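Written out below as structure tokens is the structure these notes cover.
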Amino acid sequence: MSTGISILLYHQIGEAPGKHTNLDCFCSIEEFRLQMEYLRDSKKQVVSLAGAIHLMASKREIKNELVVLTFDDGCERFYDLTFPILNQFGFLCTIYPVAGCLGKPASWGKIKNPDLKILSSKEIRELSDMGVEIGAHTMNHYKLTELNNEVAYQEIYESKELLQEITGREVNSFSYPHGAYNPTIIKMVKEMEFANAVSCIGGNAENCRSIFELPRKYITYFDGIEVFKDKIKNNGSKAIPTF
């Protein structure tokens with residue numbers, strides 16, 4: 001039997017991609033439902049990010065297949081399309097909204113995507129109250145490694161503070177925009193008392209170098225159910241790194 005922890009990375013879930021949609025960041029609602037049905041019917045167990053990390057930190061042998069669901073950027077359709085499916089199946093998840101774009105179309109760097117509107121403060125508060133973990137993803141989705149240290153620090157700090165104010169809860173997890181980070185950025189995230197951070201590195205979570213470089217498996221528009229099954233196959237690794 002295969003074992004291990006797969007942290008899945010989603011972005012937009014919707015009926016159909018729009019004109020400006022990046023297909024690597026889109027999953028159709030039909031495929032998403034099929035994927036969630038597969039997880040429900042398989043021997044895999046969907047757990048919270050915190051639960052998976054707790055198991056990793058305990059150094060105990062991972063005896064089954066665990067899956068964690070994460071969603072970057074905070075697409076507003078998460079509220080009315082994605083969450084109802086997750087709730088139907090009783091699946092926990094973590095979302096990482098871009099805090100400087102709440103309630104507005106995505107606009108960061110060269111990205112101006114009217115097809116991607118970000119969740120509002122009200123929706124984030126309601127989702128948090130319904131058990132969705134809210135993580136930070138900076139204010140403006142810049143590549144932190146391309147900013148000077150002062151601006152990078154503000155991007156991380158202000159996003160955490162704003163989301164904590166909205167939800168009334170601690171924001172413990174961070175997602176690096178564009179998967180870009182370095183030792184200086186990791187140090188900042190630790191100094192701001194985040195408990196963990198997720199990356200765009202592929203692979204099983206239990207093989208991570210630290211809980212501030214958690215690997216994730218990218219799910220895209222091109223992933224039919226068989227590709228999805230193949231992506232989340234675990235490699236049976238039981239070695240837990242030192243955090």
Side-chain angles (χ1 to χ4, degrees), residues 6-36 38-39 46 49 67-87 91-120 123-124 127-128 132-144 155 159 163 171 173-181 197-203 205 214-225 227-228 231-232:
S6 294
I7 303 177
L8 306 188
L9 166 56
Y10 291 92
H11 289 82
Q12 287 179 266
I13 311 293
E15 290 97 346
K19 178 181 177 181
H20 302 279
T21 301
N22 178 354
L23 295 182
D24 284 334
C25 296
F26 185 87
C27 178
S28 74
I29 190 65
E30 293 84 4
E31 286 296 334
F32 182 72
R33 177 174 284 279
L34 285 175
Q35 293 164 7
M36 296 305 102
Y38 168 72
L39 294 179
V46 177
L49 179 60
V67 175
V68 177
L69 303 173
T70 69
F71 300 81
D72 278 11
D73 299 344
C75 173
E76 70 167 355
R77 300 311 305 272
F78 180 91
Y79 184 85
D80 65 332
L81 283 183
T82 311
F83 180 70
I85 294 175
L86 298 174
N87 194 43
F91 290 166
L92 300 171
C93 70
T94 303
I95 64 172
Y96 299 92
V98 180
C101 295
L102 302 184
K104 299 183 291 187
S107 178
W108 48 74
K110 296 180 180 180
I111 303 294
K112 301 256 190 302
N113 187 354
D115 301 324
L116 173 57
K117 188 177 178 183
I118 306 304
L119 290 159
S120 68
E123 289 166 333
I124 289 171
L127 288 167
S128 177
V132 174
E133 180 185 13
I134 309 299
H137 198 38
T138 72
M139 294 298 292
N140 296 293
H141 206 275
Y142 299 135
K143 285 187 178 180
L144 294 171
E155 280 286 317
S159 66
L163 293 170
V171 170
S173 186
F174 184 75
S175 172
Y176 302 106
H178 308 283
Y181 66 91
V198 293
S199 71
C200 295
I201 298 170
L214 291 167
R216 291 189 290 177
K217 299 179 179 182
Y218 216 115
I219 308 301
T220 78
Y221 178 75
F222 306 102
D223 298 338
I225 191 61
V227 175
F228 176 80
K231 274 192 175 183
I232 63 175

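All of these numbers come straight from a predicted model, not from anything done at the bench.
At distances below 3.5 Å, at least one donor-acceptor pair connects side-chain atoms of His137 with backbone N or O atoms of Ser175. In terms of modelled atom types and a separation under 3.5 Å, the side chain of Asp73 and the main chain of Cys75 share no donor-acceptor contact. Listed for the His141 side chain is no donor-acceptor partner under 3.5 Å among the backbone atoms of His178. Looking at Glu155, its side chain does come within 3.5 Å of a backbone N or O of Met139 through a donor-acceptor pair. For Thr70 (side chain) and Leu8 (main-chain N/O), a donor-acceptor pair under 3.5 Å exists by modelled atom type. With hydrogens and angles disregarded, no donor-acceptor distance shorter than 3.5 Å links the side chain of Thr220 to the backbone of Cys25.
Aromatic ring centres of Tyr218 and His11: separated by under 6.0 Å.
Heavy-atom minimum distance, Leu92 versus Val46: O-CG1, 4.1 Å. The two residues Ser199 and Tyr181 have their closest heavy-atom pair at CB-CE2, 3.9 Å. In this structure, Gly135 and Pro97 approach most closely via the heavy-atom pair O-CD, 3.4 Å. Across all their heavy atoms, Pro215 and Ala205 have their closest contact at CD-CA, 3.9 Å. Across all their heavy atoms, Phe26 and Pro17 have their closest contact at CZ-N, 3.4 Å.
Taking 4.5 Å as the limit, every side-chain heavy atom of Tyr176 sits out of range of all side-chain heavy atoms of Ile201. You'll find the side chain of Val132 stays beyond 4.5 Å of the side chain of Leu86, heavy atoms only. Contact check for Phe78 versus Ile124: no side-chain heavy atoms found under the 4.5 Å cut-off. Side-chain atoms of Ile232 and Tyr38, non-hydrogen and from C-beta on, do get closer than 4.5 Å to each other. For the pair Leu9 and Cys200, the minimum side-chain heavy-atom distance is below 4.5 Å. Taking the side chain as every heavy atom from C-beta outward, Val68 and Leu214 never approach each other to under 4.5 Å. Met36 has its side chain within reach of Leu69: a pair of non-hydrogen atoms, C-beta onward, lies under 4.5 Å apart.
Under the rule for a side-chain hydrogen bond (donor to acceptor under 3.5 Å, both in side chains), the partners of Thr94 that lie at least two apart in sequence or sit in another chain are Glu133.
One distance of note links CG of Leu163 with CD1 of Ile95; it measures 9.0 Å at 0.5 Å rounding. Taken to the nearest 0.5 Å, the CG atom of Leu81 stands 5.0 Å off from the CD atom of Glu15. In this structure, Asp80 CG and Leu119 CG are separated by 9.5 Å, a value rounded to the nearest 0.5 Å. With rounding to the nearest 0.5 angstrom, the NZ atom of Lys217 is 10.0 Å from the CD1 atom of Ile7. Between the CZ atom in Phe83 and the SG atom in Cys93 there is a gap of 7.0 Å [rounded to 0.5 Å]. Atom CD1 of Ile118 is separated from atom CD of Glu76 by 8.5 Å, given to the nearest 0.5 angstrom.
Using a cut-off of 4.0 Å between Lys/Arg side-chain N and Asp/Glu carboxylate O, Arg216 and Asp72 are scored as salt-bridged.
Residues Tyr79 and Ser120 bring no donor and acceptor atom of their side chains to less than 3.5 Å of each other.
Remark: of the listed residues Phe71, Phe228, Tyr221, Phe71 is the sole one forming a ring pair (Phe, Tyr, Trp, His ring centres under 6.0 Å) with Tyr10.
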